[in-house]
Student: 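Provided herewith is a single structure, encoded as structure tokens, for subsequent inquiry.
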Amino acid sequence: MKINILTLFPEMFAPLRTSMLGRAEEQGLLEFNIVDIREFSLNKHRKADDYPFGGGQGLVMMAQPAFDALKSVGAEGHRTIFMSPKGRLLDKDLALDLAGEEEITIFCGPYEGLDQRVIDEWKMEEISIGDYVLTGGELAAMVLIDTAARLIPGVLASEESALEESIYSGLLEYPQYTQPRSYEGLDVPEVLLSGNHKEIYLWRYEQALRITKERRPDLFDAYLKSHEKLTKDEARVLEKITICSKIEI
């Protein structure tokens, strides 16, 4: 996947070329094309934003440098995204959809946003990563890129791990432990040392159910409605957690 990133702060994207995403780029699975929008400004001071017509706080990205930056990457032929708190919330389905694209363009605007003519003319898809406001779209873009890129086959060591971990399974992740077995009087749960893979799986499943019920009851309720094909052992564990939930209520 080729990812064009249009931004006023290209230096912020240095972390993309480290760790997992950096290795994926070296392997040819990803390509990052980071474009400085200021390079397209006709202003001698490379100014790319200005105060909004009609008054108001903050600065708005101007149409001219935005248009020219988008043209430079051929954005008209590919999916174009604007990171915006007004947009569709990033979730698993959207991440999977983006992961299937060969090329996308992500536009990062300032706090107050982008001239609406750019959004309308380029038919930008507005995407949000949460109900809060950042100083710009750069951090949001990195979240989107990381979320979608790890779902591309080959980016992670195992495709299975990308879809089965944590929230993608419908449940929050169970607790994890590693060496040493005992530290400062704190011991790893015995079941994880038993070698009994079935019991380990059921323990983890129960822990994931409990954590999800406690911290994200909305996800727990959705899991109850959508997961019908369970083994007898899974059904037994789920029934126990569900009964406990009803008693607590």
Side-chain angles (χ1 to χ4, degrees), residues 1-52 57-87 89-90 94-95 98-99 101-119 122 124-152 155-156:
M1 173 193 280
K2 180 178 181 180
I3 305 174
N4 302 304
I5 304 166
L6 278 55
T7 173
L8 295 174
F9 306 102
E11 64 277 7
M12 289 185 66
F13 289 92
L16 288 181
R17 292 195 162 101
T18 63
S19 188
M20 176 188 71
L21 298 187
R23 290 194 297 270
E25 185 174 32
E26 291 174 358
Q27 295 167 4
L29 298 171
L30 296 174
E31 178 186 351
F32 299 119
N33 178 30
I34 303 171
V35 176
D36 186 348
I37 299 170
R38 295 186 195 278
E39 294 293 334
F40 299 89
S41 174
L42 300 180
N43 181 280
K44 65 179 181 180
H45 300 296
R46 302 176 71 217
K47 185 178 180 181
D49 48 22
D50 208 335
Y51 295 104
Q57 299 295 318
L59 298 171
V60 176
M61 179 82 69
M62 295 188 291
Q64 176 271 312
F67 263 71
D68 288 348
L70 287 160
K71 290 175 184 177
S72 76
V73 299
E76 66 275 3
H78 304 98
R79 195 166 180 174
T80 304
I81 295 163
F82 176 52
M83 305 309 303
S84 165
K86 297 185 293 183
L89 192 64
L90 178 63
L94 180 52
L98 291 171
E101 300 285 345
E102 292 186 2
E103 181 172 347
I104 61 174
T105 296
I106 304 174
F107 196 103
C108 306
Y111 171 75
E112 287 299 326
L114 172 64
D115 189 303
Q116 187 64 38
R117 291 170 292 186
V118 183
I119 298 172
W122 290 84
M124 286 183 163
E125 179 179 356
E126 297 185 67
I127 296 178
S128 169
I129 64 167
D131 295 331
Y132 45 86
V133 179
L134 300 171
T135 53
E138 284 74 18
L139 293 176
M142 281 189 274
V143 169
L144 181 146
I145 291 167
D146 190 275
T147 302
R150 65 199 315 279
L151 297 174
I152 296 172
V155 171
L156 293 185

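Numbering of residues begins at 1 and proceeds along the displayed sequence. This structure is a prediction, so every number in the text was calculated from the model and none was measured. Computed over heavy atoms, backbone and side chain alike; hydrogens, waters and symmetry mates excluded.
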Student: So, using side-chain hydrogen bond (donor to acceptor under 3.5 Å, both in side chains) as the criterion, who are the partners of D49 when residues are at least two apart?
Tutor: none
Student: With heavy-atom distances below 4.5 Å as the criterion, would you say the side chains of R46 and D36 are in contact?
Tutor: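 A side-chain contact exists here, since the closest heavy-atom pair is under 4.5 Å.
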Student: Of all the heavy-atom pairs spanning V60 and P52, show the shortest one and how long it is.
Tutor: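 Heavy atoms of V60 and P52 come nearest at CG2-CB, 3.9 Å.
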Student: Is any side-chain heavy atom of I5 closer than 4.5 Å to one of C108?
Tutor: yes
Student: Quick one: closest heavy-atom pair of A148 and A99, and the distance?
Tutor: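 What the structure gives for the nearest pair is O-CB, 3.4 Å.
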Student: Please name the pair of heavy atoms, one in A48 and one in L8, separated by the smallest distance, quoted to 0.1 Å.
Tutor: CB-CD2, 3.7 Å
Student: Is any side-chain heavy atom of I106 closer than 4.5 Å to one of I3?
Tutor: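 Yes, close enough: below the 4.5 Å cut-off.
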Student: Starting at CG of L90, measure out to CE of M83 and round the result to the nearest 0.5 Å.
Tutor: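 So the gap between those two atoms works out to 7.0 Å.
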Student: So R38 and F9, do their side chains get closer than 4.5 Å, heavy atoms only?
Tutor: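 Answer yes - side chains close enough.
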Student: Heavy atoms only: give me the nearest T7-I34 pair and the separation to one decimal.
Tutor: CG2-CG2, 4.2 Å
Student: Can you list, pair by pair, the side-chain donor-acceptor contacts under 3.5 Å of residues 10-24, counting residues two or more places apart and other chains?
Tutor:
residue	atom	partner	partner atom	Å
R17	NE	E25	OE1	2.9
R17	NH2	E25	OE2	3.4
R17	NH2	F32	O	2.8
T18	OG1	P15	O	2.6

Student: Could you give the distance from CD1 (I129) to CG (L139), rounded to the nearest 0.5 Å?
Tutor: 7.5 Å
Student: Got a sec: does the CZ of R117 have more than 12 other heavy atoms crowding it under 6.0 Å?
Tutor: no
Student: Residues two or more places apart in sequence or in another chain: which of them pass side-chain hydrogen bond (donor to acceptor under 3.5 Å, both in side chains) with E76?
Tutor: none
Student: Check S72 against F40 and note the closest heavy-atom contact, atom names and distance.
Tutor: OG-CZ, 3.4 Å
Student: Please give me the minimum heavy-atom distance between T80 and A75, naming the atom from each residue.
Tutor: OG1-O, 3.2 Å
Student: Find out whether Y51 and L59 are in side-chain contact, i.e. whether some heavy atom of one side chain is under 4.5 Å from a heavy atom of the other.
Tutor: yes
Student: Is there a side chain to side chain contact (heavy atoms under 4.5 Å, CB included) between M61 and F107 once you walk through the steps?
Tutor: CA-CA 11 Å; M61 179 82 69; F107 196 103; 3.9 Å; yes
Student: To the nearest 0.5 angstrom, please state how far the CG atom of L144 sits from the CD1 atom of I81.
Tutor: 5.5 Å
Student: Quick one, R79 and L98 - any side-chain contact, counting heavy atoms below 4.5 Å?
Tutor: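 Answer yes - side chains close enough.
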Student: Just wondering, do V118 and L70 contact through their side chains at under 4.5 Å, heavy atoms?
Tutor: yes
Student: Mark yes or no for whether E126, through its side chain, and P85, through its backbone, hold a donor-acceptor pair below 3.5 Å.
Tutor: no
Student: Could you check E125 against I104 for side chain to side chain contact (heavy atoms under 4.5 Å, CB included), going step by step and ending with a plain yes or no?
Tutor: CA-CA 11 Å; E125 179 179 356; I104 61 174; over 6 Å; no
Student: When you look at L114 and M124, which way does the side chain to side chain contact (heavy atoms under 4.5 Å, CB included) test go after all the steps?
Tutor: CA-CA 11 Å; L114 172 64; M124 286 183 163; 3.8 Å; yes
